[in-house]
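Beneath this line is the structure, given in structure tokens, with notes to follow.
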Amino acid sequence: MGYTLPEKFLKPYEPSDCEARLYDVWEKSGYFNPDNLPDDRIKPWCTIMPPPNANGRLHVGHCLDITLKDILTRWRRMQGYKVLFLPGSDHAGFETQIVYEKKLEKEGRTRFQMTSDELYKEIMDFTLENKKVMQDDIRKMGTSCDWSRDTFTLDPDIVKNVHNTFRKMYKDELIYRGKRSINWCPKHQTSLSDVETEFIEQNDPFYYFQYGPFVIGTSRPETKFADKYIVVHPDDKRYSQYENGQVFEIEWINDPIKATIIKDEIIDKELGTGAMTITPWHSDVDFALAQKHNLPIEQIIDEHGKLLPIAEEFAGMKIEDARPKIVEKLKMKGLLVKIDEKYNHAVKVCYKCKRPIEPQIKQQWFVKMQPLAEIALKAVQDGKVKFLSESFEKTFTYWMNNTVDWNISRQIVWGISIPAWIKNKGTDKEEISLEIDKPSGDGWEKETDTFDTWFSSGQWPLLTLKYPDGKDFKTYYPTDVMETGRDLIFKWIPRMIMFGMYLANKEPFKIVYLHGMINDEHNQKISKSKGNVFSPIELAEEFGTDALRMSLIIGNVPGSDMALSKDKIRAYKKFANKLWNITRFVLGTIEVPLTPAPDDAGELPYSRGAKENMYTSHILAKPKNIIPNHEKYLEELSTLVETITKYLEDYKLYLAGEDLYHYIWHTFADDIIESCKADLESDDVNHRLSAQYTLYEILTTCLRLLHPFMPFITEEIWQSLPHHNKEHGTMLIVAPWPSHIQQL
RNA sequence: GUGCGAUUAGCUCAUUUGGUAGAGCGCCCGCUUGACUCGCGGGAGGCGACAGGUUCAAAUCCUGUAUCGCAUACCA
């Protein structure tokens, strides 16, 4: 009859008492897998986890990713969709190899002393080990993803599919092998794509040298040994006496050389002296110019950043050692005109080691970007893919209109192999074969380069859903929403749209939700060098996962960065406890039977309208007389339901979370409970029952609304409620979302 | 240089697309009120960067200035 309050409510809420247990219960229930969800669910809803790099622990950015997606996932699941949240992990080629190389360095080893197979195997072991840790962390965040569909970028079927894409693109002439200027990192001994480089502003000396009758300016004297062409603007009056193709014999660094004049409009007359020499091997601009005029090109600096024999007495020296010595020599020869000490310019560096990129000319694999950019841009312009917030659409459009061909080959072992055979590799007489077996004839070698990681992760929605024939692909593609960090708008998002449109002729997702970066409490960027890195998992252990999730969501506007402090997380820990105590109070008031009374005995003022609307708690029968004040509270509650639902539909999770927080604490607890206390003590049974029903109704509705945000505490309370909902078992994870309107 | 964004309470940030500014933490005063001291009640504190404009009405729209952040490019 009456209801006995479980003892646990007499103590403050302790997240560690239930979190691991509940996750286990959820996982074992099978509800993470859409195929096991109750009822006949027809309408699919899908989101794919940005695969965390399997090279370390979960960081706070991953937590935000996962929380945002998990909120949407849990909400849609409660709404009755056939919901799939697909997890996965990324081998993260270059990134992981660097992490592993650092580890080797600490152990006094280097990858250059190992065979490729040894290195590959060691990194694989390392990655698989980390993957487990990472997945544990994902579980701790309460992530309701379907582990049975977990995918790793190096799974054999994924690799096979990536190879197929490569072959198809080669056949469609979207991939070519070409001798081009590439970004070379002298430390990591690999080429890099443009998104793997950064610019650092710095001040360097800028030198002016006498070059025959011309004065040329440069910040890089060490590249000038082979400069045999001097370029001026055809309209530059200062140089009008010279003819295109005119040759001079001039004194230069080592020996006299013959220099030829080239006239080209690309030159900026205003800049410096309006005359420049070119170094095609070590500058992509110069390379383009050399190609245009069909000039010979010559390598000056080797792959390790050392000068080649052409530098004669400077050969073998590193750039930074050679530079002052070369300047000194030119000065001795009277060729140094002047030095500007403070020349501010941006230097392209490797985004990992921050060392200057040395452009080199190499044979590499490239993706022709323009046709792909066009179809991706069209998908966005046609509204098939929408960005949150809208301003990202501009950024995206700009990027798509300014693509450069994408270098997809990396000279590292950790990655998906490029499935090609090459004859005379590295020479101008290269031959290519994409046969699976070694072609007949001599001289064929297997390509040793691996794919840029983004080549596989760019196909992630297709690969995980088993394009082209998989059942999941047919059911869930295109997916509903892609949520990820705004730093990936260049690296990842465009590639997924390109591959989606190219391979499946359909957008991979309808909505792109880009969140900002999480900063520390002083709004400083989190970085190892600043020493402000923290472990989100430790915070979850200290304050509860629910509190961490709330602190990541509330106040987090799409696209803007957010400061995160312990105080903020602590505030939501308190909120969890508040909800716990609200529950204690509400459950403590119940004095009525827990099921509707038998047919009118004429004594108890109940109706049996347990299904009048979906708010009905299924626990307390609705009394016949709800007093007007309480009716008003219930009406306000339905307004709240509408508001929260609307916010979620608009992806305004930060507002939904904040409103729920505010309603539960400052409306429900501070106003409604306080004002109901008098009714609960009333001698009039109508007042008492009306208040009990109202409070219970509000509590259970709040639990459902809050569940996507704070899954653990809400489920923990839900399972302690004195009811057994026969339709959905007793699990909140599959309880119906409150709504006036039947959703599906 | 170009593009995007920001500038609101001591700190970190909201304000749901124009209608008399809100939260958390901090601060001050008062409460051991039978749910909760991880609490309750009350309070101080903002010309919403600056200068103009549109409007009956602007933190919100427009223009300009300043500062900061992010992205992107050239520099031979």
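Remember, predicted model here, so these are calculated numbers, not experimental data. Just so it is clear: chains get the letters A, B, ... in the order the sequence lines come, proteins before strands, and each one is counted from 1.
Base orientation for B/C40: anti, the chi torsion being more than 90° from 0.
Between B/C4 and B/U65, the two P atoms lie 14 Å apart (nearest whole Å). Going from the P atom of B/G3 to that of B/A51 covers 26 Å, rounded to whole Å.
Pairing partner, B/A14: none, since no Watson-Crick or wobble contact has both distances short of 3.5 Å. Across all strands shown, nothing is found opposite B/G46 as a Watson-Crick or G-U wobble partner with both distances under 3.5 Å. Nucleotide B/G69 forms a Watson-Crick or G-U wobble pair with B/C4, both donor-acceptor distances falling under 3.5 Å. Applying the Watson-Crick and G-U wobble criteria (two distances, each under 3.5 Å), B/G26 pairs with nothing in any strand. Under the Watson-Crick or G-U wobble criterion, with both distances below 3.5 Å, B/U32 is left unpaired in every strand shown. B/C38 is unpaired under the criterion used here, namely a Watson-Crick or G-U wobble arrangement in which both key atom distances are under 3.5 Å.
A/S565 comes within 4.0 angstrom of nothing in the nucleic acid, heavy atoms only. Counting any heavy atom pair closer than 4.0 Å across all strands shown, A/V586 reaches no nucleic acid atom. Within the 4.0 angstrom heavy-atom criterion, only backbone atoms of the sugar-phosphate kind lie near A/K652; the bases stay farther away. Using a 4.0 Å heavy-atom criterion, one finds that A/Y647 contacts the bases of the nucleic acid, with or without backbone contacts as well. Contact annotation for A/F392: no contact, since no heavy-atom pair falls under 4.0 Å across all strands. Note on A/V557: only backbone sugar-phosphate atoms sit closer than 4.0 angstrom, heavy atoms only; bases stay farther off. Residue A/K11 is classed as having no contact, given no heavy-atom separation below 4.0 Å to the nucleic acid. At the heavy-atom level, A/I267 lies under 4.0 Å from base atoms of the strands shown. Across all strands shown, A/T277 has heavy atoms under 4.0 Å from sugar-phosphate atoms exclusively, and none from any base. A/W399 comes within 4.0 angstrom of the backbone, heavy atoms only, and of no base. When heavy atoms are screened at a 4.0 angstrom cut-off, A/A275 is found touching no nucleic acid atom at all. The residue A/A576 sits apart from the nucleic acid: no heavy atom pair falls under 4.0 Å.
When the nucleotides B/A76, B/U12, B/C36 are ranked by their closest atom to the side chain of A/N581, B/C36 comes out on top. Set against B/A76, B/U12, B/A35, the side chain of A/S219 has B/A76 as its closest nucleotide. In this structure, the nucleotide among B/A35, B/U16, B/A14 sitting nearest to the side chain of A/I673 is B/A35. For A/P12, taking side-chain heavy atoms from C-beta onward, the closest of the listed nucleotides B/A14, B/C38, B/C75 is B/C38. With B/A76, B/G24, B/A14 as the candidates, the nucleotide lying closest to the side chain of A/M276 is B/A76. In the set B/A35, B/C25, B/C74, B/C25 carries the atom at the smallest distance from any side-chain atom of A/K574. Closest to the side chain of A/R486, out of B/C70, B/A23, B/U72, is B/C70. Out of B/A14, B/C40, B/G24, the shortest distance to the side chain of A/W665 is found at B/C40. Taking every side-chain heavy atom of A/D670 into account, B/G41 is the closest of B/G41, B/A76, B/C75. Residue A/F490 has its side chain nearest to B/A71 when only B/A71, B/A76, B/C75 are considered.
Counted by atom type alone, A/H282 and A/T223 present zero donor-acceptor pairs between their side chains at under 3.5 Å. Between the side chains of A/T484 and A/W492, not a single donor N or O lies within less than 3.5 Å of an accepting N or O. A donor atom on one side chain and an acceptor atom on the other are found under 3.5 Å apart for A/T279 and A/D227. Counted by atom type alone, A/Y663 and A/T643 present zero donor-acceptor pairs between their side chains at under 3.5 Å.
One atom, CE of A/M562, and another, P of B/C11, lie 19 Å apart when rounded to the nearest Å. Nucleotide B/U72 holds its C1' atom 17 Å from the CD atom of A/E196, rounded to whole Å. The interatomic distance linking A/I672 (CD1) with B/A35 (P) rounds to 17 Å, in whole Å. Taking atom CZ of residue A/R570 and atom P of nucleotide B/G24, one finds them 15 Å apart after rounding to whole Å. The interatomic distance linking A/L564 (CG) with B/G24 (C1') rounds to 12 Å, in whole Å. The distance between atom NZ of A/K525 and atom P of B/C70, rounded to the nearest whole Å, is 6 Å. Remark: P of B/A35 and CG of A/N577 are 15 Å apart, rounded to the nearest angstrom. As a whole-Å value, the separation of A/E198 CD from B/C70 P is 11 Å.
Using a 4.0 Å cut-off between a side-chain N of Lys or Arg and a carboxylate O of Asp or Glu, A/K263 and A/D236 do not qualify as a salt bridge. With respect to A/E196 and A/K491, no salt bridge is recorded, no charged nitrogen being found less than 4.0 Å from a carboxylate O.
Taking only side-chain nitrogens and oxygens, A/H666 comes nearer than 4.0 Å to OP1 or OP2 of B/G24.
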Problem - A/E320 vs A/R323, salt bridge (Lys or Arg N to Asp or Glu O under 4.0 Å): CA-CA, chis, key distance, verdict - result: CA-CA 6 Å; A/E320 53 272 32; A/R323 187 179 294 175; over 6 Å; no
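Taking only distance into account, the side chain of A/K578 meets the base of B/C36 through a donor-acceptor pair shorter than 3.5 Å. Residue-to-nucleotide contacts include a donor-acceptor pair under 3.5 Å from the side chain of A/E674 to the base of B/A35.
When each of A/S560 and A/T583 is assigned the nucleotide of RNA chain B with its nearest heavy atom, A/S560 is the one assigned upstream, toward the 5' end. Nearest-nucleotide positions on RNA chain B for A/E14 and A/D284 put A/E14 closer to the 5' end.
A heavy-atom distance below 4.5 Å is not found between the side chains of A/K224 and A/F209.
The 12-atom threshold is not exceeded at NZ of A/K646, counting heavy atoms of other residues, nucleotides or ligands nearer than 6.0 Å.
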